[in-house]
Structure formats: C-alpha cells, structure tokens
Amino acid sequence: MASFSIIGPGAIGTLVGAYLLESGQEVVFIGRRGGRAERLEREGIRVTGLRGEISRNARVVYDSKAGADADFVLVAVKSYDTAAVMAGFASVAWENARFVSLQNGIGNAETIARTVRPERVLIASLTFGAYIDEDGTVHHAGEGDALVGGLKESSFADAERLAGLFQRAGIAVRAEKDIRPVLYTKLAVNCAINPLTALLQVPNGMLQGSDSISAMMKDAVREVVRVADACNISLEFQHVLDIVREVAARTAANRSSMLKDVLEGRRTEIDAICGEVSRLGRENGIDTPVNTSLYRLVKALEETRSGRLARFPAKESGRSEP
C-alpha cells in the first residue's frame, strides 16, 4: 500500500483519489477552508459515470504538514495557483514524497521544482473527462490516455512505481522516459478543445461535425506542433490531430473544466494553455494566430463576465429590431 496526498480536490483530483481509495491506497485531501474541501469532508466522495457508483468517506486536512509523510503528493490545483500553493509547502520537510503534477497546460512541473528538488517531480498526463455537478457529485464522463514521467529522466523508476499504483486502481497508464512529447500532445488537446467549448458553451461532443470548428481545431493543433518542434520536441501533426479528435469523441458528454470555469464566473487556465503557445511562438518567431485569438477571446470572457447578458432574456412585446 502507498500513501497519497492530493492538493486540490477538484474533478480530476477527487476522481483519481476515489479510484486510489477503492484499490486500497491511503488518501488524504489537502484543501483550503471555505472551498470544496469542506464539502468533501462533510459529505464524502460521490462518483458516478463510466465505472458505476462510488461513495466513500474522505479524509481532509487543512495543514500541509499533515500530508508530509506521503509517498506521492498529487498536485491538482489550477495552473495559476501552483506557485502560491507550493510556497505554502516550502517549510515542510517532505522526507519521501514525490510531487506529481496532474494539471493542464505546461510549466507547472517547473514551478513545483522551485520548491522541491527536480528529481522529486513527476508529471502525469490524464485526458479523462470529468466534472462536478451542483450537488458535488463527480461525473466520470470519458475515458482517456494516462502517461507518467519525470521532470528528469533519472526519475523514471519513480514514474514506473506510480504507474503501477495507478494501474492497480484501474487507471490504464504507462511510464515514459521522456514525457515532453506527451505534455505537448496533451497541450494540443487542451488548446483544441477547452477554449472552443468555453467560447461556444457546449460539451466536448458538440465540437464534432462542424467544418468551421474542425478547421480551427486543426489550425490550433498545427501551431502547437510547430512550437514543439522549435523546442526540440518532435510531434507528428496527423497523429496528434487524431488524438485530439479521439479525445473529443470519447469525452463527448463532458463539460470541459474551462467551460465550467466560464459558466461559474471563475478565472480559467487559458494562460497556461493557449497563452503559453502564443508566448513560445513569439519567442521562437512562429506565428500562432489561432491560439493567440483563442487566448484573447477567453480572456475577454473573463474580463466581461460581470456585464454579460442573460442567456435567455425575457421576450419583449412590440416590434422587434431587424
């Protein structure tokens, strides 16, 4: 048995935690007062969807020191919270823990490595479809690929151990010595799916079947592949595009995390997704018009949320405007 601390009990963190608990692992959630952690502590874990129903009590703590003896610390907070969360753990003596980023976007592992030694940092790429509904139930809406690797190739043995524990929990995963191609493939998935679902306010499956949307997805992926190549990461465009389409199909019923953030008036992770592609493009002299436009549009959604009109305004009597 291994012990896990999960920082950030959102949809993915809670789903992974539930499956680890079901497989006999020890799991503690580290959260903040006033957030979802308190509800999880009060009501327990409820999961529904592809693998049936799970109902478990959850151990929740609000002090990082309580999870300091874990074998693995799964970081599942939003990308923009990573630095602040890790700063809170800087004084903790993590004797054995390996930190694992479960996050969207790129750059999170490097942020974690500013607090703990880089050889202690792992990265897990999970493309599951999962969301939390209004009553706190986690819906497992789509299966996906799962791969783990180390920020440093010297951490491969730790990645293999984590992969084995995930497999025992029913999460099909394999360890990779070089995780960078996986990260940029997941980045392409996020760039092609998340902002479009947020802007159009549709579930993932609605991206299929529209020529206009398909063209934008294709161009977003092409830009990621070009940026990856400039970073000495080799990706094959058609292969990555096929993965993006497969993920959209397998998670057709899922509401992406970015869509949920927009609907609930929260900040999105667009900076670590399309924003990073745009930034790396500028640094390397590569045009990224689609990712830059998606980035700006989602930022505009965030900035105008307080003045947004009701989705279904009341019908007015009298003459309508042309």
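This is a predicted model, so every value here is computed, not measured. Each residue takes its place number in the sequence, starting with 1.
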Side chains of [X] and [Y], heavy atoms from C-beta outward: is any pair under 4.5 Å?
X: Met216; Y: Leu294; answer: yes
X: Ile193; Y: Met217; answer: yes
X: Ile30; Y: Tyr62; answer: no
X: Lys218; Y: Val221; answer: no
X: Val60; Y: Val28; answer: no
X: Asn204; Y: Ser256; answer: yes
X: Leu15; Y: Phe128; answer: yes

Between atom [atom1] of [X] and atom [atom2] of [Y], what is the distance when rounded to the nearest 0.5 Å?
X: Thr268; Y: Ile273; atom1: OG1; atom2: CD1; answer: 7.5 Å
X: Leu151; Y: Asn108; atom1: CG; atom2: CG; answer: 11.0 Å
X: Lys260; Y: Asn194; atom1: NZ; atom2: CG; answer: 14.0 Å
X: Ser125; Y: Asn104; atom1: OG; atom2: CG; answer: 9.0 Å
X: Leu297; Y: Ile270; atom1: CG; atom2: CD1; answer: 9.5 Å
X: Leu259; Y: Thr197; atom1: CG; atom2: OG1; answer: 5.0 Å

Taking all non-hydrogen atoms of both residues into account, name the closest pair between [X] and [Y] and its distance.
X: Thr251; Y: Gly142; result: CG2-CA, 3.9 Å
X: Ala230; Y: Ile286; result: CB-CD1, 3.5 Å
X: Arg168; Y: Ser23; result: O-CB, 3.6 Å
X: Ser5; Y: Ala70; result: OG-CB, 3.4 Å
X: Phe29; Y: Gly17; result: CZ-CA, 4.1 Å
X: Ala124; Y: Lys186; result: O-NZ, 4.4 Å

Which one of Arg305, Lys78, Arg255 satisfies the salt bridge (charged side-chain N to carboxylate O under 4.0 Å, His left out) criterion with Asp261?
->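 Going through Arg305, Lys78, Arg255 one by one, the salt bridge (charged side-chain N to carboxylate O under 4.0 Å, His left out) with Asp261 is satisfied by Lys78 alone.
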
Test Phe4 against Leu165 for side chain to side chain contact (heavy atoms under 4.5 Å, CB included), laying out the working first.
-> CA-CA 11 Å; Phe4 290 82; Leu165 292 167; 3.8 Å; yes

Check this for me: does any side-chain nitrogen of one of [X] and [Y] sit under 4.0 Å from a carboxylate oxygen of the other?
X: Asp271; Y: Lys299; value: yes
X: Glu22; Y: Arg56; value: yes
X: Glu160; Y: Arg174; value: no
X: Glu38; Y: Arg42; value: no

For the pair [X] (side chain) and [Y] (backbone), establish whether a donor and an acceptor sit closer than 3.5 Å, ignoring hydrogens and angles.
X: Ser210; Y: Ile213; result: yes
X: Asn291; Y: Val277; result: no
X: Glu223; Y: Val290; result: yes
X: Gln25; Y: Ala2; result: yes
X: Gln201; Y: Leu263; result: no
X: Thr14; Y: Pro9; result: yes
X: Glu236; Y: His239; result: yes
X: Thr185; Y: Pro181; result: yes
X: Arg98; Y: Asp71; result: no
X: Asp287; Y: Pro289; result: no

Quick one: is the NZ or CZ of Arg267 closer than 6.0 Å to the six-membered ring centre of Tyr80, and within 45° of its axis?
->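 Yes, Arg267 lies over the aromatic ring of Tyr80.
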
So, is the end of the Arg51 side chain (NZ or CZ) under 6.0 Å from the ring centre of Tyr19 and within 45° of the ring's axis?
->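 Yes, Arg51 lies over the aromatic ring of Tyr19.
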
Could I get the full list of side-chain contact (heavy atoms from CB on, under 4.5 Å) partners for Thr137, not counting sequence neighbours?
->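 Thr137 satisfies side-chain contact (heavy atoms from CB on, under 4.5 Å) with Arg46, Thr48, Asp133, Asp135, His139 only.
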
Gln103 and its side chain to side chain contact (heavy atoms under 4.5 Å, CB included) partner, picked from Asp81, Thr111, Ile12, Ile112 |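 Testing Gln103 for a side chain to side chain contact (heavy atoms under 4.5 Å, CB included) against Asp81, Thr111, Ile12, Ile112 leaves exactly one candidate, Ile112.
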
When clusters are formed by joining ILVMFWY residues with side-chain heavy atoms under 4.5 Å apart, either directly or through shared neighbours, do [X] and [Y] land in the same one?
X: Leu147; Y: Leu102; value: no
X: Leu207; Y: Leu187; value: yes
X: Val227; Y: Val189; value: yes
X: Val77; Y: Val121; value: yes
X: Ile7; Y: Val61; value: yes

Criterion side chain to side chain contact (heavy atoms under 4.5 Å, CB included) on Val75 and Val100, from CA distance to verdict = CA-CA 6 Å; Val75 183; Val100 187; over 6 Å; no

Keeping to residues at least two apart or across chains, list the side-chain hydrogen bond (donor to acceptor under 3.5 Å, both in side chains) pairs with something in residues 272-285.
->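 Pairs touching residues 272-285 that pass the test: Glu276-Arg279, Ser278-Arg282, Ser278-Thr292, Arg279-Glu283.
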
Is the gap between the ring centers of His140 and Tyr131 under 6.0 Å?
->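 Aromatic pair excluded; centres sit 6.0 Å or further apart.
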
What's the verdict on side chain to side chain contact (heavy atoms under 4.5 Å, CB included) for Glu176 and Ile179, showing C-alpha distance, side-chain angles and the deciding distance?
-> CA-CA 6 Å; Glu176 293 281 346; Ile179 196 69; 4.2 Å; yes

Under the side chain to side chain contact (heavy atoms under 4.5 Å, CB included) criterion, do Val138 and Ile45 qualify, and how do the steps go?
-> CA-CA 8 Å; Val138 177; Ile45 298 169; 5.9 Å; no

Other residues, nucleotides, ligands: >12 heavy atoms within 6.0 Å of Arg296 CZ |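 Counting neighbours around CZ of Arg296, 12 or fewer heavy atoms of other residues, nucleotides or ligands fall under 6.0 Å, so no.
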
